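Below is one structure; the comments refer to it alone.
Since the model is a prediction, treat every value here as computed from it, not as a measurement.
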Amino acid sequence: MTSIKGAVTTATLISSSSSSCSLSENQSGPSRLSFVNSVGSINNNNNNNAICCCCNGVNDARFSSVQPIINIQQESTFTSVNGDPSSSSSSPVNGKNVKHVSTIGKSTNILWHKCSVQKPDRQHLLQQKGCVIWITGLSGSGKSTVACALTKGLHARGKLTYVLDGDNVRHGLNSDLSFQAEDRVENIRRVGEVAKLFADAGVICIACLISPYRKDRDACRALLPKGEFIEVFMDVPIQVCEARDPKGLYKLARAGKIKGFTGIDDPYEPPLDSESKPNRRILQIVLKQPEVNGVSPCEMAETVISYLDENGYLQA
């Protein structure tokens with residue numbers, strides 16, 4: 001339901017097969033818009049103008065009576081289009097315009113609905129390019145600290161960001177997932193999908209998770225268009241991470257009280273490709289933290305910000 005502020009009557013948005021829109025009055029109360037597959041007319045005794053979100057126009061709702069609504073329910077033939085939203089289309093069947101829908105995973109008969117405001121419009125509004133900065137590394141490598149320093153630095157430059165922290169998302173969205181192998185895969189998948197939505201909104205999304213397996217990170221990268229997934233590898237020796245041990249997890253893992261802990265009895269697979277290579281097949285930034293004379297989180301964040309600035313992410 002979509003409410004129109006300031007309106008008094010209840011309106012139903014009528015959408016015909018020719019994509020024209022009109023409004024019909026129901027009972028008095030807060031206005032709402034809903035889509036139905038029929039053709040109708042307008043009635044609004046309060047002389048309010050209602051904005052039609054489909055036509056980007058204003059319907060002058062000043063009709064005195066409700067005309068009969070003519071139902072044009074259509075028989076639909078649902079066709080899978082291999083899960084590609086951009087391939088959703090319509091074609092004539094027996095003279096009727098029938099939508100082709102998709103089957104993705106366990107979701108059937110779904111159709112990607114395009115809106116008139118697209119990603120370039122949002123990016124122009126924000127004066128930045130939506131992307132995902134994926135910070136990966138061992139527990140205690142400083143992922144969350146660098147993510148916060150990065151979002152602070154970008155915020156100071158007037159850029160809109162959002163941090164998806166591995167622990168934070170487990171407080172809500174992923175609270176139903178454990179740390180077993182299959183749940184860790186699902187955890188990464190969900191964060192990747194949410195990060196994609198943020199990037200599509202034009203936001204610079206900073207995801208910071210251990211994400212130990214390359215195939216899971218590659219799956220998240222594949223969700224986004226080329227150039228919108230920037231991998232930041234926290235290349236910090238495990239000795240440094242274990243010495244920090246901010247949550248005491250390494251100590252518990254060494255004592256055998258935590259099983260499958262990354263870096264102890266479960267592997268971490270570091271990225272193989274470097275952004276500095278000539279082919280730049282994968283965008284990647286490596287932040288090294290030596291055992292002595294370490295680099296500060298702010299300095300690391302500035303390295304990422306400089307990369308974003310030099311490659312046009314901080315302009316529309």
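For D183 (side chain) and S178 (main-chain N/O), a donor-acceptor pair under 3.5 Å exists by modelled atom type. A donor-acceptor contact shorter than 3.5 Å links the side chain of E269 to the backbone of R214. Not one N or O on the side chain of S107 forms a donor-acceptor pair closer than 3.5 Å with the backbone of T103. Under a 3.5 Å cut-off, the side chain of E231 and the backbone N or O of P271 do not form any donor-acceptor pair. Between the E310 side chain and the Y307 main chain, no donor and acceptor come within less than 3.5 Å of each other. Checking side-chain atoms of D265 against main-chain N and O of G260 turns up a donor-acceptor pair under 3.5 Å. Of the possible polar contacts, one joining the Q123 side chain to the G130 backbone as a donor-acceptor pair under 3.5 Å is found. No donor-acceptor distance shorter than 3.5 angstrom exists from the side chain of S102 to the backbone of I104, with no hydrogens or angles considered.
Sequence neighbours left out, the pairs with a member in residues 120-144 that pass salt bridge (charged side-chain N to carboxylate O under 4.0 Å, His left out) are R122-D200. Within the structure, ring-ring contact (aromatic ring centres under 6.0 Å, His included) pairs that include any residue of residues 164-191 do not occur (at least two apart or interchain).
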> How far apart are the C-alpha atoms of D218 and K215, what are their side-chain angles, what is the distance that settles it, and do they pass the salt bridge (Lys or Arg N to Asp or Glu O under 4.0 Å) test?
Replying inline: CA-CA 5 Å; D218 288 345; K215 63 180 179 60; over 6 Å; no
> Can you list the steps and then say if L160 with Q128 is a side-chain contact (heavy atoms from CB on, under 4.5 Å)?
Replying inline: CA-CA 8 Å; L160 183 61; Q128 63 186 47; 3.9 Å; yes
> Passes salt bridge (Lys or Arg N to Asp or Glu O under 4.0 Å), E302 versus R157? Steps please.
Replying inline: CA-CA 12 Å; E302 283 299 325; R157 289 165 172 79; 3.2 Å; yes
> Is there a side-chain contact (heavy atoms from CB on, under 4.5 Å) between W134 and R217 once you walk through the steps?
Replying inline: CA-CA 9 Å; W134 193 279; R217 299 194 300 267; 4.1 Å; yes
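Summarising the geometry of L126 relative to A201, their closest heavy-atom pair is CD1-O, 3.8 Å, with the distance given to 0.1 Å. Here the shortest heavy-atom pairing between I238 and G263 reads CD1-O, 3.1 Å. Contact detail for P267 and P212: the closest heavy-atom pair is O-CB, 3.7 Å. Smallest separation of non-hydrogen atoms from L209 and L164: CD1-O, 4.3 Å. Of all the heavy atoms in D235 and K288, the pair that sits closest is OD2-NZ, 2.7 Å. Minimum interatomic distance between V132 and A195 (heavy atoms only, all atoms of both residues): CG2-O, 3.5 Å.
Rounded to the nearest 0.5 angstrom, L177 CG and E186 CD are separated by 6.0 Å. Put simply, OG1 on T136 and CZ on F233 are 7.0 Å apart, with the number rounded to the nearest 0.5 Å. Atom CD1 of I135 and atom OG1 of T145 lie 10.0 Å apart (nearest 0.5 Å). To the nearest 0.5 Å, the span separating CZ on R244 from OG on S141 amounts to 7.5 Å. Note that CG of N174 is 4.5 Å distant from CG of N187, once rounded to the nearest 0.5 Å. Atom CG of residue L314 and atom SG of residue C131 lie 8.5 Å apart, to the nearest 0.5 angstrom.
Between L150 and I133, the closest side-chain pair of non-hydrogen atoms falls below 4.5 Å. At a threshold of 4.5 Å between non-hydrogen side-chain atoms, the residues D266 and R184 count as touching. Residues L287 and V295 are not in side-chain contact: their nearest non-hydrogen atoms beyond the backbone lie 4.5 Å or more apart. The side-chain heavy atoms of I230 and V304, taken from C-beta on, include no pair separated by under 4.5 Å. Taking the side chain as every heavy atom from C-beta outward, T161 and C205 never approach each other to under 4.5 Å.
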Show every donor-acceptor pair shorter than 3.5 Å between a side-chain atom in residues 246-258 and any protein atom, with sequence neighbours excluded, or say none if there are none.
from	atom 1	to	atom 2	distance (Å)
K247	NZ	D167	OD2	2.8
Y250	OH	S139	O	2.7
R254	NE	E242	OE2	2.8
R254	NH2	E242	OE1	2.9

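The salt bridge (Lys or Arg N to Asp or Glu O under 4.0 Å) check on D165 picks up nothing, with sequence neighbours excluded. Remark: Y162 pairs with F198 by the ring pair (Phe, Tyr, Trp, His ring centres under 6.0 Å) rule, at least two apart or across chains. For K119, the salt bridge (Lys or Arg N to Asp or Glu O under 4.0 Å) criterion is met by E228, not counting sequence neighbours.
By the rule that hydrophobic residues join a cluster once side-chain heavy atoms approach within less than 4.5 Å of another member, Y268 and V185 end up as members of separate clusters. Linking ILVMFWY side-chain heavy atoms closer than 4.5 Å, directly or via other members, places L138 and Y213 in two distinct hydrophobic clusters. Under the 4.5 Å side-chain heavy-atom criterion for ILVMFWY residues, a single connected hydrophobic cluster contains both V240 and V232.
Salt-bridge annotation for R190 and D176: present, with a side-chain N of the basic residue lying under 4.0 Å from a carboxylate O of the acidic one.
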